[in-house]
Amino acid sequence: MKKILLIDDSEYIIEGTASLLRFEDYDVITANNGATGVKMAIEHHPDLIICDVSMPEMDGFAVLKEIRNNKETESMRFMFLTARADKSDMRTGMEIGAD
């Protein structure tokens, strides 16, 4: 079973998205902030990380940089899930290594 780490500060988004992914037979683990998400990525080695961009303290861009700068996590697949629709945000995410 593929494991997905879902990182978002919105409990509503986490609950809804995790439910949909579990329905599709994914093993889903969640984190409600970026720092916890980075720790969970190191501990659980997910097949995919889905991360919000806009979070307090450590935003999604900072999470991705931490993931890419750690030998244990640098090759993990990483995808942003965000309400931001600006093309510059999308470009920034891709430039720093989002899938």
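Throughout, numbering of the chain's residues begins at 1 and tracks the sequence. Hydrogens, waters and symmetry mates are skipped; everything else that's a heavy atom, side chains included, is used.
Pairing each heavy atom of V28 with each of A18, the nearest pair is CG1-CB, 3.8 Å.
Side-chain contact check for N33 versus M58: every heavy-atom pair is 4.5 Å or farther apart. When side chains are defined from C-beta on, I7 counts as touching V63, because their heavy atoms get closer than 4.5 Å. Two residues are said to be in side-chain contact when any heavy atoms from C-beta on lie closer than 4.5 Å; L64 and C51 fail this criterion. When side chains are defined from C-beta on, K3 does not count as touching H45, because their heavy atoms never get closer than 4.5 Å. The side-chain heavy atoms of L21 and I50, taken from C-beta on, include a pair separated by under 4.5 Å.
Between the CD atom of E15 and the OG atom of S10 there is a distance of 8.5 Å, given to the nearest 0.5 Å. Within the model, atoms OG1 of T30 and CD1 of I4 stand 12.5 Å from one another, a figure rounded to the nearest 0.5 Å. Separation of atoms CD1 (I49) and CZ (R77) is listed at 11.5 Å; rounding is to 0.5 Å. A distance of 11.0 Å separates CD1 of I14 from OG of S19, quoted to the nearest 0.5 Å. In this structure, CG in D9 is found 10.5 Å from CG in D59, a value given to the nearest 0.5 Å. Atom CZ in F78 sits 9.5 Å away from atom CG in L48 (nearest 0.5 Å).
For K2, the side chain to side chain contact (heavy atoms under 4.5 Å, CB included) partners two or more places apart in sequence, or in a different chain, are Y26, D47.
Side-chain atoms of N70 do not come within 3.5 Å of backbone N or O of E66 as any donor-acceptor pair. One N or O on the side chain of T17 and one on the backbone of I13 form a donor-acceptor pair closer than 3.5 Å. Formation of a donor-acceptor pair under 3.5 Å by the R68 side chain with backbone atoms of M76 is found in this model.
In the displayed structure, E57 atom CD is contacted under 6.0 Å by at most 12 heavy atoms of other residues, nucleotides or ligands.
Hydrophobic clustering (ILVMFWY, side-chain heavy atoms < 4.5 Å, transitive): L81 and L20 are in distinct clusters.
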- Task: Give the C-alpha distance, both sets of side-chain angles, the deciding distance and a yes or no for side chain to side chain contact (heavy atoms under 4.5 Å, CB included) between M40 and I29.
- Result: CA-CA 8 Å; M40 292 184 80; I29 53 176; 4.1 Å; yes
